[in-house]
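Inspection log for the structure reproduced underneath, given as structure tokens.
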Amino acid sequence: MSALVVGQLVAKHGLLTAVRGVSFSVKQGEVLSVVGANGAGKTTLFRTLSGVHSIDSGGIFLHDEDISQLPAHQRVRKGLAMVPEGRRLFVDMTVRENLQIAGEHGRSGSWVLDKVVAALPALEPILNKVSGGLSGGQRQAVAIGRALMCNPSVLLLDEVSLGLSPIAVEGLYQSLEQLKKSKETTMIIVEQDLNRAIRFSDHLLCLLEGKVALSGRSDELSHVDITKAYFGLE
Ligand code: ATP
């Protein structure tokens, strides 16, 4: 069963069409990587899925329900949560407070504070720290924790490893691997590291100038084909 189905999505920035008829679906419990060069439309796509950018046409179906006209907060309540690039946190609040507030805005379900901390062990030692003083890796763990507190059935992760140290990235992906194994949460990720994107995901979608240039099972696509699609080479 598909957790998310996207059909012929079009999204614009003024006169510029950033997403040009993108279609894909993701099965429950699977991971889809969205890759593409700078400006390919990845962030715009994510923002239209989460509801912070409106669509011009097309459909977004979460568990068969058309959510494409719902405001962002209602999509979160229905189970679609996003970890945005840049991970905005309430910097004056502690990590625990950041997580608890997020929990008030999502669905009800099994993701409570203890379970989130177990899934993201980096959070345990910093629960009572003020978020403003955290390292990049710690802030990212909090941002993912906040999204999990909303009990998402589909989790959108935009550039989770951007600007993090290699050790922080490793730690983060260990947690995400566990999340993937549990099959509880469907994930759609944007990851700049192409090799990591291929390894971590079940399916890959490559965007080029707002269109799907290539899609398929990550273990069946050749590296050469992905690179060609990525750069728009013949
Ligand atoms: P990056 O990897 O650099 O974040 P991306 O694949 O996420 O790129 P988008 O940020 O979605 O791509 O950008 C797609 C297109 O839309 C680009 O041509 C970009 O210049 C344009 N664009 C993005 N945001 C805006 C905006 N706020 N106003 C006008 N044009 C925009």
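Predicted, not measured: the structure shown is a model, and the values here were computed from it. Order of appearance sets the numbers: ligands from 1, and atoms from 1 within every ligand.
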Contact check: G39 vs ligand 1, nitrogen or oxygen atoms, below 3.5 angstrom: yes

Could you tell me whether G41 and ligand 1 have an N or O pair separated by under 3.5 Å? yes

Answer yes or no: is there a side-chain heavy-atom contact under 4.5 Å between R139 and L89? yes

Pairwise side-chain contact, F46 with V19, heavy-atom cut-off 4.5 Å (strictly under): no

Contact between ligand 1 and R47 is defined here as a heavy atom of the residue under 4.0 Å from a ligand atom; is it met? no

Non-hydrogen atoms of G210 versus ligand 1: any pair closer than 4.0 Å? no

Atoms of ligand 1 less than 4.0 Å from [X] heavy atoms?
| X | result |
| --- | --- |
| A18 | 14 (C), 15 (C), 16 (O) |
| A37 | 6 (O) |
| A40 | 5 (P), 6 (O), 12 (O) |
| Q192 | 2 (O) |
| H13 | 16 (O), 21 (C), 22 (N), 23 (C), 24 (N), 25 (C), 26 (C), 27 (N), 28 (N), 29 (C), 30 (N), 31 (C) |

Is a salt bridge present between E184 and K115, judged by a nitrogen-to-oxygen distance below 4.0 Å? yes

Is it true that K78 and E65 have a side-chain N and a carboxylate O under 4.0 angstrom from each other? yes

If only atom types and distance count, is the side chain of Q174 paired as donor or acceptor with the main-chain N or O of G171 below 3.5 Å? no

Got a donor-acceptor contact below 3.5 angstrom from the S33 side chain to the A197 backbone? yes

L16, portion touching ligand 1 at heavy-atom distance under 4.0 Å: side chain

Pair Y173-Q178, side-chain hydrogen bond (donor to acceptor under 3.5 Å, both in side chains): steps then yes or no: CA-CA 8 Å; Y173 268 93; Q178 291 305 318; over 6 Å; no

Under the side-chain contact (heavy atoms from CB on, under 4.5 Å) test, residues paired with D219 that sit two or more places apart: R217

Measuring from atom 9 (P) of ligand 1, which candidate in L15, V190, V34, T44 has the nearest non-hydrogen atom? T44

